[in-house]
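For reference, the structure discussed in these notes is given below.
These values consider heavy atoms only, across backbone and side chains, with no hydrogens, waters or symmetry-generated copies. Throughout, a chain's letter reflects where its sequence line sits, starting with A, and its residues are numbered from 1.
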There are 2 protein chains.
Amino acid sequence: MSDKNGKKSDIISVAKAARVSPSTVSRYFNHPELLKLTTRRRIEKAVRKEGYIRNRAAQTIHGIRSGTIGVLVPTIDHTIFAEVVQAFSDAVAEEGFTILLASHGYDPQREYAILRKFLEHRVDGIALTGLDHDEAVFQLIESQDVPTVLMWNYAEDSLYPSIGADNELAGQMISQHVLALGHREVACLFAPGAGNDRAKARSRAILNTLAAAGVAVPQDWQLTTVYSVSESKRQAFALFSSAKRPTALICGNDILATGAIYAAARAGLKLPDDISIVGIGDFKGSSEFEPGLTTVRLPARRIGRRAGMTLAAAIKDPKADRTGAHCAPELVVRGSCRAI
Amino acid sequence: MSDKNGKKSDIISVAKAARVSPSTVSRYFNHPELLKLTTRRRIEKAVRKEGYIRNRAAQTIHGIRSGTIGVLVPTIDHTIFAEVVQAFSDAVAEEGFTILLASHGYDPQREYAILRKFLEHRVDGIALTGLDHDEAVFQLIESQDVPTVLMWNYAEDSLYPSIGADNELAGQMISQHVLALGHREVACLFAPGAGNDRAKARSRAILNTLAAAGVAVPQDWQLTTVYSVSESKRQAFALFSSAKRPTALICGNDILATGAIYAAARAGLKLPDDISIVGIGDFKGSSEFEPGLTTVRLPARRIGRRAGMTLAAAIKDPKADRTGAHCAPELVVRGSCRAI
DNA sequence: AATAGTTTTGCAAATGTTTTCATAAATTGC
DNA sequence: GCAATTTATGAAAACATTTGCAAAACTATT
């Protein structure tokens, strides 16, 4: 706001320094091609001298885009979301947008409150995580009609363009693989479904696919644990220490699988001879375990990038293609699951 | 901007609906205690009916704070930064701020450009990662005098309040531990120091501490690798497969150590009997390995939270205490490093 | 050198708020 | 029931810009 002399530097002070009118300075930034080369130079010098920095807030009240996009994720510090956010941010940065980032911790109330905040800032677009959201959330978006995308999960009939993987399909793929390898004694380790349609879709699909093949997962082999290596390690360890052990453990995501792998090590079980473990996600590092984790890749970076590009396009051109995109999951077979 | 009827809804339309003047509506939001209860009710109803959402952009040009803080990290999708950002975001959210997040990928040019963007948005505060930045960056901050904190690394004499761990000390601590356990054949695996004062400080301290104890690390045992499990695994595997093996490997951070651990598994080496491996960071999950990773904890969450609180305080009260804070690193001894 | 045409610039209104100051309304004391 | 306070509201200026329109400054043409 102030240059080295402490004077505030606005478009007017620049205009004075360049001996032109404020309008001309405005044009210098917004339509430079309308200016004579010499005035352009003069203004450039004045801008530098005054240390002037454009004020987007003042532009925004003229209906000009704010250049911000609100990104709302459950938590930032989970590999998956961090990757999506990184890719998203990079993609929209190329188009000149900056992201407002917030996390709601799976709390619908907070999600609504944050969304309101985003709208107060007059974000040009909104990216939410997952398909399911409070009715109030959708109403708010509808009423303000801000371009919106839903990331991470994919469904053809989602309310807003969804860009992500079909989590149901992912669950199906991994269980089919496990079945194909001959496993019939299968346990599951899921993330809690509350406020998390991705987790819900996966566990549903896994259980259904197994059931369809005649494999029923007993109640005490259906474990649920928060998204955390240590928690899943504890749970899996308990499972492995019990009298009857499954031949395979299907985990709702790779983090859970990581915990399970460590639990197996602690329990003295060798992968994949003593126990098969699979995950969903193919997070950074999942390929590096010894043996590598068999999983279903959900292309986080691709999703983030694509979501960002779609949203940026929708903002720049309201008539742009607003259909979602399915970033197909992909079975990645490594050494952690063997045939029986 | 528009309610369900497509009419734009601003403070004036609300005023009309409530049959009061715009000033009164403004007061309803900013100084509700000045209003009569009945008018307050009337306005409340009108706001709801019109679906009005405050416009921070319009407030901001009145010199009112924008309610945003610019956070600039090298990359978002590395555990450490994700954790810091999460904690930071939570802390400032409590004070009503939303973060503008961007990553520069260790490119000073981009850092400067992003900073400018932040300032265009009239952020109320800025959080940068690390102590070292381009002269231009500091000049820009200086000229706009925006409250600023430097996160992650700590130094008493930093240009702006720094809140983080003393990375030099961390490097010292881990190498002292390794030395104390009797290791003399020590190899190192560092992250590249370019544009990364944290990495630089650590490797410097490690080498110095070892040297001071009379342990010289031969050139071909000083490995450098990008921040990636797969890369460090490759490098460590090469090291472990060579004719002469060190008794201990000190890694610049836990991610690198993770790769090294997998490399050991692949090379058929048992931890800690055949090789000792240590890291720096104590990232999520480092405790769960079998055996757990001996490392130096850098309290990411505490740093993020503290940085957020300090910055928020500095914004709200320009005379607030602006000294940094040292979140001391802490040696965490687990099973991955044994005495010789 | 005058005219017509084109390019460049400035004026003034507009944007959505906040805030100061003044006025109107309500409350109190008598 | 009236003046003196106190409280609640409105009018208008201010904030930092953009933009439509008109005026001024150039160029090209004759």
Check this for me: does any side-chain nitrogen of one of A:Glu94 and A:Arg305 sit under 4.0 Å from a carboxylate oxygen of the other?
yes
Answer yes or no: is there an ion pair linking B:Arg116 with B:Glu120, defined by an N-O contact shorter than 4.0 Å?
no
Note down the inter-axis angle between the two ends of the helix from C:dA1-D:dT30 to C:dC30-D:dG1, five pairs each, to the nearest 10°.
30°
Check: A:Ser23 side chain, C:dC11 base, donor-acceptor under 3.5 Å
yes
Under 4.0 Å: is that the gap between some side-chain N or O of [X] and OP1 or OP2 of [N]?
{"X": "B:Arg40", "N": "D:dT9", "value": "no"}
{"X": "B:His31", "N": "C:dT18", "value": "no"}
{"X": "A:Arg27", "N": "D:dG20", "value": "no"}
{"X": "B:Ser21", "N": "D:dT9", "value": "no"}

Check the orientation of B:Phe138 and B:His133. Use parallel for under 30°, tilted for 30 to 60°, and perpendicular for over 60°.
perpendicular
Is it the case that A:Gln59 and A:Asn55 place a side-chain donor and acceptor less than 3.5 Å from each other?
no
With a 3.5 Å cut-off and no angle check, do the side chains of A:Thr75 and B:Gln86 form a donor-acceptor pair?
no
Per nearest nucleotide of DNA chain D, the residue lying toward the 5' end, B:Thr39 or B:Gly63, is B:Thr39
